[in-house]
Chemist: 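One structure, as structure tokens, below. Some questions next.
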Amino acid sequence: MNVVTRIAPSPTGDPHVGTAYVGLFNYAFAKRHGGRFVFRLEDTDRERYDAQSEARLLAMFDWLGITPDEGPETGGPNGPYRQSERLDTYTQHVETLLASGDAYRAFETAEELDAMRHEQKQRGLPQGYDGRGRDVPRDEQDRRAAAGEPHAIRLRTPDEGETAFLDVLRGEIRIPNSEIKDPILVKSDGYPTYHFANVVDDHAMEVTHVMRAEEWVTSTPIHVLLYRAFGWEEPRFIHLPLLRNPDENKTKISKRKLDTSVDSYRKQGILPEALLNFLATMGYSLPDGREIFTLDDLIATFDPERISLGGPVFDLRKLRHVNARYLREELPLEEIADRIEPLLREAGYAWDDEDFLLDVVDVLRPRAETLTEIVDQAGYFFLADDVYPFDDEARKKVAAGQQALEDLERSFSMLDFFDEDAVDDLLDEYVRSREIKKPAVLMPLRAALTGTTNAPSVTDLVVILGRQRVLRRIGRALSEITSALPDDKPTPEEEQQAAAEAAAKKAEEERRAAAAAAGRAAQAAARAAAGEEPSES
RNA sequence: GGCCCCUUCGACUAGCGGUUAGGUCACAACCCUUUCAAGGUUGCGGCACGAGUUCGAAUCUCGUAGGGGUCACCA
């Protein structure tokens, strides 16, 4: 089967998860059948046009690994792929409709149409263009147009009967023609509307399957009427369920109620593989029931018939779960390390050798659901031994285990091999010789090394940090508590030291905040400019 | 409101006339354990309702209800 599908977003605002969703299915279907996937920019709305958007849209698909076979930057046999560059084509095609009488020039002003709608509403009449301009004689239309009077061009739709089309998933859908008002084909600014450009271009670009969101169902008869007017073969229509907000009624996904920006998810540390996988499970399932699968797995078996029609709720918890699976199971450690490296650098962290980074990521990734969560937890590994922060709980543990820490400081300094087995043996031996409970030793040590009580296994911490840093940290932790115990009156020296530490900590925090601010600022600026509309397809 | 579409656990879904209605997330308990996670085991929880077709309906038909979408010189 020769298959051509397309994604046809409009360049407005932030690249939308809905665009990624529809693009994914179109891509999978085309690839499944060895066909072509076209990217077409629907930039016919000059009001909302955003010059940044095209590049961001392409960057989004690039990040996701969905590569168009044809598009504005790739090129292709049926370009150009920006509608704003195809105006001649539309003009040419609308002429044939004008000539055949399927279209006519309509001269109502925006004000007049507003008044019409207002009256319809007041009198409880059906909403929509009432066809008042369709019977203006042809020669008058031509004369007024030639005189430069502004006007739109409308399609003449039948008044009676109904228009039917086949939706691959829903079967035949019939819409009464009375519901189809004469839609505008070409706006008074000379640009085509979606309905017109979409049909002309899908035909010109040899699109065989129009896979788009369900919100287009009711306007499909307009497109069908156009195909017929031109005498063109209709593509197959596949309307995908609409992604929904997690609100009570499951309304159509919107950025007011949910984060719909793909960039935003990327910045939150969501992996492209995970986002794709998650999106694919919105309305789709693999025949063998696997829920974690790659884009290639999807392509290998993709069958539109398996798409379910209930509107799937975009559930952030599930997305994060899928992401966590990729983080700790699906992708190799080196891959995760590569992806997290720039984030750590952005946070102002540095390290000497790659093995250290690998070790850190290895112990942290089962404890995080996103890349940024790893970064957030990684502070004590990268901050200097005298500045990583202590929380109250950690101070208490250190205080309670003061004796053990002093003992261990000595033991670690004399330990020959600083590997996992040696450290384990040392700790076990210490616990046994003192006849105390393991946690009574391990918790203070953990707290001392990290400044917190939630952290990886003590053995891992000790081995990763290494002897020198472990000793420094134990020493620092012991001095930390003397100033923090509520019952201890701090000496002037201790107060001085505490102040110095606080200053150091503050400086460190400011350094990190500054590093992170740049990224956040860019994100905020980009999002501020966004419009709401999800793209077509 | 007119028109169109949809309806299996709280969420995502499997199911396409005969199943104790299965899986995943979430939630709960237990196990493991060195805290936090991860991991393991178990549990909780569903065919919107009503007719009909059939020996037999989650599966087919109709109706009702509920939800969504759409009615622009936006896509």
Side-chain angles (χ1 to χ4, degrees), chain A residues 8-10 12 42-45 47-48 106 108-110 113-114 117 124 126-129 150-154 167 169-170 173-176 178-181 183-189 191-195 197-198 213-221 239 241-242 244 246 248-252 278 281-287 289-292 305-306 308-315 317-322 324 328-329 363-369 377 393 397 427 431 437-443 445-447 450 452-459 531-537:
Chain A
S10 60
T12 57
E42 306 239 335
D43 57 346
T44 56
D45 185 353
E47 306 275 314
R48 300 194 311 158
E108 295 80 23
T109 62
L113 293 174
D114 279 346
R117 272 188 287 268
Q127 301 283 293
Y129 185 68
H151 63 278
I153 299 176
R154 288 181 185 268
D167 179 279
L169 299 173
R170 291 158 236 264
I173 294 175
R174 327 180 65 92
I175 309 245
S178 59
E179 294 291 319
I180 310 167
K181 315 297 183 184
I184 290 183
L185 267 21
V186 178
K187 297 178 268 186
S188 54
D189 66 3
Y191 280 76
T193 58
Y194 166 81
H195 300 302
N198 145 76
E214 186 181 3
E215 58 191 330
W216 296 102
V217 167
T218 45
S219 50
T220 302
H239 289 97
L242 239 22
R244 306 297 181 89
E248 198 187 344
N249 286 337
K250 306 184 181 179
T251 49
K252 172 169 99 167
F278 170 73
T281 63
M282 300 278 92
Y284 194 71
S285 62
L286 292 193
R290 266 181 302 160
E291 304 198 338
I292 299 294
E305 306 265 336
R306 290 190 61 81
S308 61
L309 294 176
V313 173
F314 194 99
D315 180 11
R317 274 251 40 97
K318 184 83 173 260
L319 204 211
R320 293 174 61 84
H321 168 80
V322 173
R328 62 177 182 253
E329 290 174 29
V363 298
L364 252 24
R365 65 173 177 165
R367 294 171 166 78
E369 292 188 314
Q377 291 178 54
E393 192 63 19
K397 293 293 182 190
L427 292 171
V431 167
K437 300 247 185 222
K438 232 179 176 182
V441 175
L442 296 174
M443 274 313 287
L445 183 51
R446 167 178 295 109
T450 65
T452 169
T453 50
N454 300 342
S457 106
V458 167
T459 308
E532 181 56 279
E533 294 301 308
S535 44
E536 196 272 338
S537 323

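Letters go in sequence order (proteins before strands), and every chain restarts at 1. Small disclaimer: the values here were computed from a predicted structure and weren't measured.
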Chemist: Give me the distance, rounded to whole Å, that separates B:A75 from B:C71 when you measure between the C1' atoms they each carry.
Modeler: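 Those two atoms are separated by 15 Å.
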Chemist: Categorize A:G124 for me: base, sugar-phosphate, or nothing, with a 4.0 angstrom heavy-atom threshold over every strand shown.
Modeler: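 Contact class for A:G124: none.
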Chemist: Taking NZ from A:K250 and P from B:G68, how many angstroms apart are they, rounded to a whole number?
Modeler: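 A:K250 atom NZ is separated from B:G68 atom P by 11 Å.
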Chemist: Rounded to the nearest 0.5 Å, how far apart are CD of A:E215 and NZ of A:K252?
Modeler: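 Nearest 0.5 Å value for the CD-NZ distance: 4.0 Å.
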Chemist: Does a side-chain N or O from A:T44 land closer than 4.0 Å to OP1 or OP2 of B:A75, or not?
Modeler: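 Indeed, a polar side-chain atom of A:T44 lies that close.
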Chemist: Is there a side-chain contact between A:E214 and A:R170 in this structure, where contact means two heavy atoms from C-beta onward sitting under 4.5 Å apart?
Modeler: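 Yes, side chains in contact.
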Chemist: Are A:T220 and A:I173 close enough that some pair of their side-chain heavy atoms sits under 4.5 Å apart?
Modeler: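 Sidechains of A:I173 and A:T220: no contact.
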Chemist: Within the structure shown, what part of the strands sits under 4.0 Å from A:E329 by heavy-atom distance: base, sugar-phosphate, or nothing?
Modeler: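 Sugar-phosphate contact only - A:E329 comes under 4.0 Å of backbone atoms but never of a base.
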Chemist: Hunt down the Watson-Crick or G-U wobble partner of B:C62, both distances under 3.5 Å, from any strand shown, or write none.
Modeler: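 Pair assignment: B:C62 / B:G50.
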Chemist: Classify the nucleic acid contact of A:L364 as base, sugar-phosphate or nothing, counting any heavy atom under 4.0 Å across all strands shown.
Modeler: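 The answer is nothing, as A:L364 stays clear of every strand by at least 4.0 Å.
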Chemist: Taking only the side-chain nitrogens and oxygens of A:K187, find out if one of them lies under 4.0 Å from OP1 or OP2 of B:A75.
Modeler: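 Checking A:K187 against B:A75: at least one side-chain N or O falls below 4.0 Å of OP1 or OP2.
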Chemist: Within this structure, what is the CD-to-C1' distance between A:E47 and B:A72, rounded to whole angstrom?
Modeler: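 For the pair A:E47 CD and B:A72 C1', the rounded distance is 12 Å.
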Chemist: Of the nucleotides B:A75, B:A11, B:U13, which one has an atom closest to the side chain of A:V313?
Modeler: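 The closest nucleotide is B:A11.
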Chemist: For nucleotides 19-26 of chain B, give me every protein contact, N/O to N/O, under 3.5 Å, one pair per line with atom names.
Modeler:
unit_1, atom_1, unit_2, atom_2, d
B:G23, N2, A:E291, OE2, 2.9
B:G23, N3, A:E291, OE2, 3.4
B:U24, O4', A:E291, OE1, 2.7
B:U24, O2', A:E291, OE1, 3.1
B:U24, O2, A:K318, NZ, 3.1

Chemist: Say you pick atom C1' in B:U70 and the same atom in B:A29; how far apart are they, in whole Å?
Modeler: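 Here B:U70 and B:A29 have their C1' atoms 48 Å from each other.
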Chemist: Once you apply the 3.5 Å cut-off to both distances, tell me the Watson-Crick or G-U wobble partner of B:G1, or none.
Modeler: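 Base-paired to B:C71.
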Chemist: Could you state the CG-C1' distance from A:L242 to B:A75, rounded to the nearest angstrom?
Modeler: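 My rounded result for the distance is 13 Å.
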Chemist: May I have the distance from A:I292 (atom CD1) to B:C12 (atom P), rounded to whole angstrom?
Modeler: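 The distance from CD1 of A:I292 to P of B:C12 comes to 17 Å, rounded to the nearest Å.
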Chemist: Which sits closer to the 5' end of RNA chain B, A:T251 or A:P192, going by the nucleotide each is nearest to?
Modeler: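 Of the two residues, A:T251 wins.
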Chemist: Among residues at least two apart in sequence or on other chains, which ones pass ring-ring contact (aromatic ring centres under 6.0 Å, His included) with A:H239?
Modeler: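 ring-ring contact (aromatic ring centres under 6.0 Å, His included) check on A:H239 returns nothing, list empty.
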Chemist: I'd like to check the ring-ring contact (aromatic ring centres under 6.0 Å, His included) partners of A:H321; sequence neighbours left out, ordered by chain and number.
Modeler: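 Checked A:H321 against ring-ring contact (aromatic ring centres under 6.0 Å, His included); zero matches.
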Chemist: Do any N or O atoms from the side chain of A:T452 and from the backbone of A:N454 form a donor-acceptor pair under 3.5 angstrom?
Modeler: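 Looks like yes, one N/O pair under 3.5 Å.
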Chemist: Whole angstroms only, please: what is the CG-P distance between A:L185 and B:C74?
Modeler: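 Between P of B:C74 and CG of A:L185: 13 Å.
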Chemist: Within the structure, does a side-chain N or O atom of A:S285 lie under 4.0 Å from either OP1 or OP2 of B:A14?
Modeler: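 Looking at the OP1 and OP2 atoms of B:A14, one of them is under 4.0 Å from a side-chain N or O of A:S285.
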Chemist: Mind checking who B:U34 pairs with, Watson-Crick or G-U wobble, both distances under 3.5 Å?
Modeler: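 The answer is none; no pair meets the criterion.
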Chemist: Expressed in angstrom and rounded to an integer, what is the separation of A:D189 atom CG from B:A72 atom P?
Modeler: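 Atom CG in A:D189 sits about 18 Å away from atom P in B:A72.
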Chemist: Has A:K187 got a side-chain atom pairing as donor or acceptor with A:T44's backbone, closer than 3.5 angstrom?
Modeler: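 Side chain of A:K187 to backbone of A:T44: a pair is present.
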Chemist: Sub-3.5 Å donor-acceptor pair from the side chain of A:N249 to the main-chain atoms of A:T251, do we have one?
Modeler: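 The answer is no, because no donor-acceptor pair under 3.5 Å joins these two groups.
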Chemist: Quick one: are A:T12 and A:D45 in side-chain contact, heavy atoms under 4.5 Å?
Modeler: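 When only atoms from C-beta onward are counted, A:D45 and A:T12 do not touch, as no gap falls below 4.5 Å.
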Chemist: Can you check the distance between B:C62 and B:G15, where both ends of the measurement are the C1' atom (answer in whole Å)?
Modeler: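 The same atom, C1', in both gives a distance of 23 Å.
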Chemist: Which is true for A:R306 with a 4.0 Å heavy-atom rule: it touches a base, it touches only sugar-phosphate, or it touches nothing?
Modeler: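 It contacts sugar-phosphate atoms only.
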Chemist: Do other residues, nucleotides or ligands put more than 12 heavy atoms under 6.0 Å from the CD atom of A:E47?
Modeler: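 Result for CD/A:E47: open.
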Chemist: Could you check how far CD of A:E215 sits from P of B:C74, rounded to whole Å?
Modeler: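 Taking CD of A:E215 and P of B:C74, I get 16 Å after rounding.
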Chemist: Once each nucleotide of nucleotides 40-50 of chain B is scored for protein heavy atoms under 4.0 Å, what B/S/- sequence comes out, 5' to 3'?
Modeler: -----------
Chemist: In whole Å, what separates the P atom of B:U53 from that of B:G69?
Modeler: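 Each nucleotide's P atom is 37 Å from the other's.
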Chemist: B:C16 and B:G52: how far apart are their P atoms, nearest whole angstrom?
Modeler: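 Comparing P positions in B:C16 and B:G52 gives a spacing of 26 Å.
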Chemist: State which of B:G68, B:A14, B:C74 makes the closest approach to the side chain of A:R244.
Modeler: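 Ranking B:G68, B:A14, B:C74 by closest atom to the A:R244 side chain puts B:G68 first.
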Chemist: Can you find a heavy atom in the side chain of A:L445 that is under 4.5 Å from one in the side chain of A:L427?
Modeler: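 Yes - at least one pair of side-chain heavy atoms lies under 4.5 Å apart.
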Chemist: Strictly distance-based, threshold 3.5 Å: is any side-chain N or O of A:T193 a donor or acceptor partner for the main-chain N or O of A:I184?
Modeler: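 Indeed, once roles are kept as given, a pair shorter than 3.5 Å links the two residues.
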Chemist: Below 3.5 Å is the cut-off: list the nitrogen or oxygen pairs between protein and nucleotides 1-6 of chain B, distance only.
Modeler:
unit_1, atom_1, unit_2, atom_2, d
B:G2, O2', A:E179, OE2, 3.1
B:G2, N2, A:E179, OE1, 3.1
B:C3, O4', A:E179, OE2, 3.4
B:C5, O2', A:R170, NH1, 2.8
B:C5, O2', A:E214, OE2, 2.8

Chemist: Closest-nucleotide mapping onto RNA chain B: is A:Y129 or A:H195 further toward the 5' terminus? I mean the 5' end.
Modeler: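 It is A:Y129, whose closest nucleotide lies nearer the 5' terminus.
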Chemist: What's A:R365 touching, base or sugar-phosphate or nothing? Going by heavy atoms closer than 4.0 Å.
Modeler: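 Touches nothing.
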Chemist: In whole angstrom, give me the gap between the C1' atoms of B:G23 and B:U35.
Modeler: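 One C1' to the other, the span is 33 Å.
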Chemist: If B:C55 has a Watson-Crick or G-U wobble mate with both distances under 3.5 Å, name it; if not, just say none.
Modeler: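 Checking every strand shown, B:C55 finds its partner in B:G18, with both distances under 3.5 Å.
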Chemist: Expressed in whole Å, how much space separates the C1' atoms belonging to B:A58 and B:G46?
Modeler: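 Taking atom C1' in both B:A58 and B:G46, they lie 10 Å apart.
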Chemist: Is A:P456 close to A:L364 at the side-chain level, that is, under 4.5 Å between some pair of heavy atoms?
Modeler: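 Yes; the side chains approach each other to less than 4.5 Å.
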Chemist: B:A28 pairs with which nucleotide, Watson-Crick or G-U wobble, both distances below 3.5 Å?
Modeler: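 Across any shown strand, B:A28 pairs with B:U42.
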Chemist: Would you call A:E369-A:R317 a salt bridge at under 4.0 Å N-O?
Modeler: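 Looking at A:E369 and A:R317, the cut-off is met.
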Chemist: Roughly how many Å is it from CZ in A:F314 to P in B:U13, rounded to a whole number?
Modeler: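 Distance check: A:F314 CZ to B:U13 P gives 13 Å.
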Chemist: Give me the distance, rounded to whole Å, that separates B:A48 from B:U41 when you measure between the P atoms they each carry.
Modeler: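 It comes out at 31 Å once rounded to the nearest Å.
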Chemist: Would you mind building the protein contact string for nucleotides 32-37 of chain B? One character per nucleotide, 5' to 3', B for base within reach (heavy atoms under 4.0 Å), S for sugar-phosphate only, - for untouched.
Modeler: --BBBB
